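Encoded as structure tokens, the structure appears first; notes follow it.
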2 protein chains.
Amino acid sequence: MSEEPVRGSASPTLEDVARVAGVSRATVSRVVNGVRNVDPEIQETVRRAVAVTGYVPNNAARSLVTRRVGSVALVVSGAGEEDEIGEDGFSTRHIFGDPFFGRVVGGIVDYLRPRGIHPVLMLADTGEARSQVLAFLRQGNADGALLVSTHGEDPLPRMLTEADQPAVLFARPARPLPISYVDCAHQDGGKLAADHLVARGCERVATIAGPLDVPASQDRLSGFQSAMARHGRPYVPVVEGNFTIGSGSRAMERLLVEHPDIDGVFAANDLMAQGAVLVLRESGHRVPDDVAVIGFDDSSAALSCRPQLTTIRQPVENMAAEMASLLLTALDQPDRRVTSVVFEPTLVVRQSA
Amino acid sequence: MSEEPVRGSASPTLEDVARVAGVSRATVSRVVNGVRNVDPEIQETVRRAVAVTGYVPNNAARSLVTRRVGSVALVVSGAGEEDEIGEDGFSTRHIFGDPFFGRVVGGIVDYLRPRGIHPVLMLADTGEARSQVLAFLRQGNADGALLVSTHGEDPLPRMLTEADQPAVLFARPARPLPISYVDCAHQDGGKLAADHLVARGCERVATIAGPLDVPASQDRLSGFQSAMARHGRPYVPVVEGNFTIGSGSRAMERLLVEHPDIDGVFAANDLMAQGAVLVLRESGHRVPDDVAVIGFDDSSAALSCRPQLTTIRQPVENMAAEMASLLLTALDQPDRRVTSVVFEPTLVVRQSA
DNA sequence: CTGAAAGCGCTAACAA
DNA sequence: TTGTTAGCGCTTTCAG
């Protein structure tokens, strides 16, 4: 008892602890920061003094000299441009409801948290917001940035490299840039989908692509097309969607009109696949018996869909963790070459195909 | 041109700007912080010097003296305990994929961003993590906390008040505590659901409640029950779920076994309602013709469900914004009474009831 | 209206 | 191994 630090008074400083322990500020600092070369007995004394005073280091003061704050920015770039979910006066941040994004955040938080680092959430969907992100970093509010872009022509990556800010992207930038990123072998994913549909015996296959200004969409499409070509199907109907359920439904409606005898569909993400399934069932097609559907991502949408979606799984949590890992490495070794890490997608067979 | 600040050199300080402008540090500081009492001409000179040097204030230095950092913690407490979505080596942060939580984040970000404040995302699902949150705040890494608890007996609110940390909760704490919060009139919501089902002509109504250690679940349930009682139905079968799709399905299965002739269901959130609908349809019941289903939240799940869910809408974004607003007010007026703001839910009629 | 000067709390040489 | 000292960059009295 009486370990209770005095309430009400201003929070104690190193100085206070030093006085109580009868040593110098420097020694307390060393103990607190776990620097060796401190007599074990004194260490103990200091630790006790820390407990008695209820001392907690002031991170602002620390950062001022170390030039590190111990937090990173998690930037969602290009979000909220179009939005199917109702307008309610807010520029609804659809992205935060996206199960895919949820996995990214989860992976990042899981990696960062044991290391005592926490992500600062930022949106960068306008020019102003992007400047805000840059200013934020320059003011030293975060040591670096993890960037998840939702569209191809995002100018933020370039801005970051030009400002010499440490950053790692989720997904390869549309134009080559000296910046680190993690990605998934989307073409291989497209191939997996094609092979599976063909192996299933599908004869009249079409695809619902993602927005084609996004490299990932292009890659999934091209990987799918070339694999189909290798199977002797040089032509595959393509409709472009925008990764939302609604766009998936609309795309499926169009495909059904133009190709009523379709028997296999590859959608570039699970949400669109879900939208496609809804339309198929409502128009009396059985899935997978009449039309097989395969998605991409393996997000929670794949599980909540009926039938559950066969899909191409991206190891999103691992990718996100790797992103964080790359950033921390870069922060520790400032003049290191940029790197990229590409993960392999896998086929997850469920009911829809 | 040549407005380009010198590259490579360490970032400029107030001192540098002062030298270029030919004034003192203090004056530059005043201009940068928009303090009046500065000669307009000098202001202009300083502004030019800022532009020339590419000056950006160092927030650590600033915080050291102002004792404010300009960021808040967004704490998700009690998350990730149980998780239906596959285990993949990660303690999957289910919460981030929850559309309800997505709306909360969106609302907070929307309110905070124009004010130049950004939330630091933290998870507090273990005792250690909770201490981490407290230490984080005490170290001055954030000025206060926005807390979203996912279960009733969360100890964090009390810890925060005892540590005198400014905080605002989403939802009333299970036990009374001198802490501000925003909430929704859940009982009224339950009543809206009951009235709608009765008005629809449902005769044999049951409910799938949320976890009963959460005040919100209790309130939705009691509001629903007492409204039903007022309609002459003193007894309503109740099955408890845990706010996930899967639990909604399981609950519906049980209800169907015990009460095969059921014709109306109120689920305490949309995800469970969605799970219930899946089971109903798979077992050959038409929704809403045979069984009417009504959810709660009006999350994106309500829209992606087929049929689309009739539901009780919580104005989550407004609630989240209000939460942020309350916190900022508290930060500006430290010795102000705690307050609570309670929002009214509304009935949104779609197809499921 | 402006400048000089005193710290905010901490780390990191450098001495001892 | 420990203590002394000099700042990190900024705000803010207090004089002028």
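In what follows, every chain begins at residue 1, and chains take the letters A, B, ... in the order their sequences are listed. Owing to the predicted nature of the structure, the values given are computational and were not obtained by experimental measurement.
- In secondary-structure terms, DNA chain D builds stems of at least 3 consecutive Watson-Crick or G-U pairs, each pair having both distances under 3.5 Å, at C:1-16 with D:1-16.
- Between B:R67 and C:dG9 there is a side-chain N or O to OP1 or OP2 distance below 4.0 Å.
- The A:V65 side chain lies nearest to C:dC10 when the options are C:dC10, D:dT1, D:dG9.
- The nucleotide whose nearest atom lies closest to any side-chain atom of A:T27 is, among D:dT2, C:dC10, D:dC10, D:dT2.
- Following rounding to the nearest Å, B:R25 (CZ) and D:dT13 (P) show an atom-to-atom distance of 16 Å.
- An OP1 or OP2 oxygen of D:dC10 is reached within less than 4.0 angstrom by no side-chain nitrogen or oxygen of B:N58.
- Nearest-nucleotide positions on DNA chain C for A:T13 and B:I42 put B:I42 closer to the 5' end.
- Cation-pi geometry between A:R138 and A:F136 is not met: the NZ or CZ atom fails to fall both under 6.0 Å from the ring centre and inside 45° of the normal.
- In this structure, B:R68 atom CZ and D:dT12 atom C1' are separated by 17 Å, rounded to whole Å.
- Atom CD in B:Q139 sits roughly 12 Å away from atom C1' in C:dC10 (whole-Å rounding).
- The side chain of A:V23 approaches D:dG3 more closely than any other nucleotide in the set C:dC1, D:dG3, C:dC10.
- Between the CG atom of B:D39 and the P atom of C:dG3 there is a distance of 11 Å, rounded to whole Å.
- With hydrogens and angles ignored, the 3.5 Å screen pairs no side-chain donor or acceptor of A:S29 with any backbone N or O of A:R25.
- Distance alone, capped at 3.5 Å, places no donor-acceptor pair between the A:D183 side chain and the A:V342 backbone.
- With DNA chain C read from its 5' end, the first of the two nearest nucleotides for A:V56 and B:A26 is the one closest to B:A26.
- Looking at A:D125 and B:R113, a side-chain N of the basic residue comes within less than 4.0 Å of a carboxylate O on the acidic one, giving a salt bridge.
- Distances were taken from every side-chain heavy atom of B:A61 (C-beta onward) to each of D:dC10, D:dT4, D:dC8; the shortest belongs to D:dC10.
- The phosphate of D:dT11 has OP1 or OP2 within less than 4.0 Å of a side-chain N or O from B:S29.
- C:dC8 atom C1' lies 14 Å from atom CG of B:N59, rounded to whole Å.
- Between the side chain of B:S71 and the backbone N or O of B:N141, at least one donor-acceptor pair lies under 3.5 Å.
- Separating the CD atom of A:E15 from the C1' atom of D:dG3 is a distance of 12 Å, rounded to the nearest angstrom.
- Heavy atoms from other residues, nucleotides or ligands lying under 6.0 Å from CD of A:Q333 number more than 12.
- Side-chain atoms of A:S325 never come within 3.5 Å of backbone atoms of A:A321 as a donor-acceptor pair (strictly under, hydrogens ignored).
- Here A:N33 reaches the OP1 or OP2 of C:dT11: one of its side-chain N or O atoms lies under 4.0 Å away.
- Among the nucleotides C:dG7, C:dG9, D:dT5, the one closest to the side chain of B:L64 is C:dG9.
- For A:R19 and C:dG9, the CZ to C1' distance is 13 Å, given to the nearest whole Å.
- Comment: B:E15 does not engage B:R19 in a salt bridge, judged by the lack of any side-chain N to carboxylate O separation of less than 4.0 angstrom.
- Evaluation of atom-type donor-acceptor distances gives a pair under 3.5 Å for the side chain of A:R30 against the base of D:dG3.
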